[in-house]
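Structure first, then comments.
Atoms within a ligand are numbered from 1 in the order they appear, just like the ligands themselves. In what follows, every heavy atom counts, from backbone to side chain, and hydrogens, waters and symmetry copies are set aside.
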Amino acid sequence: MHPEVDAVAEYVRAENGFLITSHVNPDIDSIASQLAIASALSSLGKESVIVNEDPIPRWLEFLPGSEGLRCDLPAEAGIRVALVLDASDLDRLGWVGDVVRERALPIVNIDHHADNVSFGRLNLVQPHVSSTAEMLVGLISALGLEIGRERATCLYAGILGDTGSFRHPNTTSRVFRVVADLVDEGADPERVATGIYYSRSVGAVRLLGEMLRTFRESDDGRIGVLELTRGSFDSSGATMDESNGYATWALSTRGTEVGVLLRELENGRIRVSFRSTPEVDVGAIARSLGGGGHSTAAGCVLDGSLDEVRGLVLSRIRELEFV
Ligand code: 5GP
Ligand code: MN
């Protein structure tokens with residue numbers, strides 16, 4: 001039905017020894033997708049290893065199979081093929097991308113970012129699909145497998161993550177049909193919601209409070225800005241990945257079209273997260289600053305103080321999107 005999906009399924013069926021990987025600072029979609037495809041490969045009797053530059057955020061450890069994720073390359077692994085998920089280019093993979101290049105591994109590139117540069121031998125890129133997890137529902141079926149409860153739980157979580165809990169504009173009627181099927185397969189929405197939204201650390205809740213206190217709006221109310229300094233991470237005890245869903249708060253006031261979260265990294269650089277309504281393409285803004293992402297959720301990392309980066313980002317938004 002989808003020739004590209006069938007081509008990937010055929011290639012995967014004929015191969016063995018998969019290095020499964022995804023982007024740095026993994027989000028729910030990247031983790032959940034890697035776990036689901038690893039489980040599918042295992043059901044096909046194939047060897048695979050999941051390796052990422054960054055560890056799985058602790059709050060995602062409830063996902064079935066998460067103990068299999070690693071941040072180093074096992075010496076004994078007979079790796080023949082790289083399966084790259086949810087990443088728009090090889091540079092997004094950190095050092096794992098260097099390994100893929102050095103070994104000249106054939107790459108299967110499975111992604112839903114519109115700015116994907118088709119870096120694979122096989123490229124399955126579907127920007128109109130909500131998430132890599134949603135794409136994998138079709139691929140796992142094309143591999144002749146049932147989805148099953150554990151894979152359904154992962155894929156449901158990935159879709160929940162990338163649709164912002166069914167709030168973002170990528171929440172199509174098809175998404176609801178797909179997640180309805182995943183629930184029939186055994187995904188438990190209450191259990192996933194508990195894992196993702198109701199298992200925070202006390203520090204993460206305190207960090208949220210500190211962040212919300214920094215909220216400011218542009219004079220015309222179209223841009224909302226939030227900040228998290230090193231000091232707020234230190235005083236709350238929360239980690240960077242615990243604040244990964246917090247950027248949506250910058251878009252939460254009435255009339256706001258662009259939300260920006262600025263986070264001070266340990267190396268002093270500033271991680272910028274953009275969120276927007278469908279009228280504004282923050283992907284283009286992030287790309288103009290050396291980053292990337294989707295039209296309504298994107299990011300980049302910049303040098304400078306919080307004040308400098310805020311100034312640069314706000315002027316770029318004005319230049320590219322607002323008069
Ligand atoms: P977040 O703001 O949650 O970190 O990222 C939102 C979206 O933008 C995700 O799809 C993420 O992959 C993408 N993104 C974030 N930072 C970067 C970056 O530095 N480069 C690229 N290419 N994409 C990014
Ligand atoms: Mn994704």
*Does CZ in Arg80 sit with more than 12 non-hydrogen atoms of other residues, nucleotides or ligands closer than 6.0 Å?*
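12 or below, so no.
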_Qualifying ring pair (Phe, Tyr, Trp, His ring centres under 6.0 Å) pairs, either residue in residues 259-316, two or more places apart_ =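 Applying ring pair (Phe, Tyr, Trp, His ring centres under 6.0 Å) to every pair that reaches into residues 259-316, excluding sequence neighbours, yields His112-His294, His113-His294.
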*Sort and list the pairs that fulfil ring pair (Phe, Tyr, Trp, His ring centres under 6.0 Å) and have at least one residue in residues 169-217, not counting sequence neighbours.*
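Pairs touching residues 169-217 that pass the test: Phe166-Phe176.
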Please answer whether the main-chain N or O of [Y] pairs with a side-chain N or O of [X] as donor and acceptor at a distance below 3.5 Å.
X      : Y      : value
Ser43  : Ser39  : yes
Asp115 : Gly293 : yes
Ser236 : Ser232 : yes
Ser199 : Thr194 : yes

*Around the Mn ion (ligand 2), how many protein N, O or S atoms are there at under 2.8 Å?*
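Atoms of protein N, O or S type lying less than 2.8 Å from the Mn ion (ligand 2) total 4.
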*Between Ser66 and Ile56, which heavy-atom pair has the shortest distance, and what is it?*
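Looking at all heavy atoms of both residues, the closest pair is CB-CD1, 3.6 Å.
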*Measure across Val12 and Lys46 and return the closest heavy-atom pair with its distance rounded to 0.1 Å.*
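Heavy atoms only, the tightest pair is O-CE, 3.2 Å.
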*Strictly under 4.0 Å, does any heavy atom of Ala298 approach an atom of ligand 1?*
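The answer is yes: ligand 1 sits under 4.0 Å from a heavy atom of Ala298.
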*asked:* With the threshold set at under 4.0 angstrom, would you say Arg275 reaches ligand 1 through any of its heavy atoms?
replied: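 Yes, Arg275 has a heavy atom closer than 4.0 Å to ligand 1.
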*Of Ala286, Gly290, Ser273, Gly292, which has the heavy atom at the shortest distance from atom 23 (N) of ligand 1?*
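Going through Ala286, Gly290, Ser273, Gly292 one by one, Gly292 has the nearest heavy atom to atom 23 (N) of ligand 1.
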For ligand 1, which atoms, with element, lie under 4.0 Å from some heavy atom of [X]?
X      : result
His294 : 10 (O)
Ala297 : 6 (C), 7 (C), 8 (O)
Gly293 : 8 (O), 13 (C), 23 (N)
Cys300 : 16 (N), 19 (O)

*Applying salt bridge (charged side-chain N to carboxylate O under 4.0 Å, His left out), which residue pairs with at least one partner in residues 124-139 are found, sequence neighbours left out?*
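For residues 124-139: Glu134-Arg174.
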*Could you tell me whether Glu227 and Arg263 make a salt bridge, using a distance below 4.0 angstrom between a side-chain N and a carboxylate O?*
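A salt bridge is absent here (no side-chain N lies under 4.0 Å from a carboxylate O).
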Any nitrogen or oxygen of [X], main chain or side chain, under 3.5 Å from a nitrogen or oxygen of ligand 1?
X      : answer
Arg92  : yes
Phe274 : no
Asp27  : no
Arg271 : yes

*Looking at atom 10 (O) of ligand 1, what's its closest protein heavy atom, distance included?*
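Closest protein heavy atom to atom 10 (O) of ligand 1: His113 NE2, 2.9 Å.
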*Do me a favour and list the nearest non-hydrogen protein atom to atom 17 (C) of ligand 1 with residue, atom name and distance?*
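For this ligand atom, the closest protein heavy atom is Gly299 O, 3.3 Å.
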*Flag the pair Ile140 / Arg151 as yes when at least one side-chain heavy-atom distance between them is below 4.5 Å, and no otherwise.*
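Yes, their side chains come closer than 4.5 Å.
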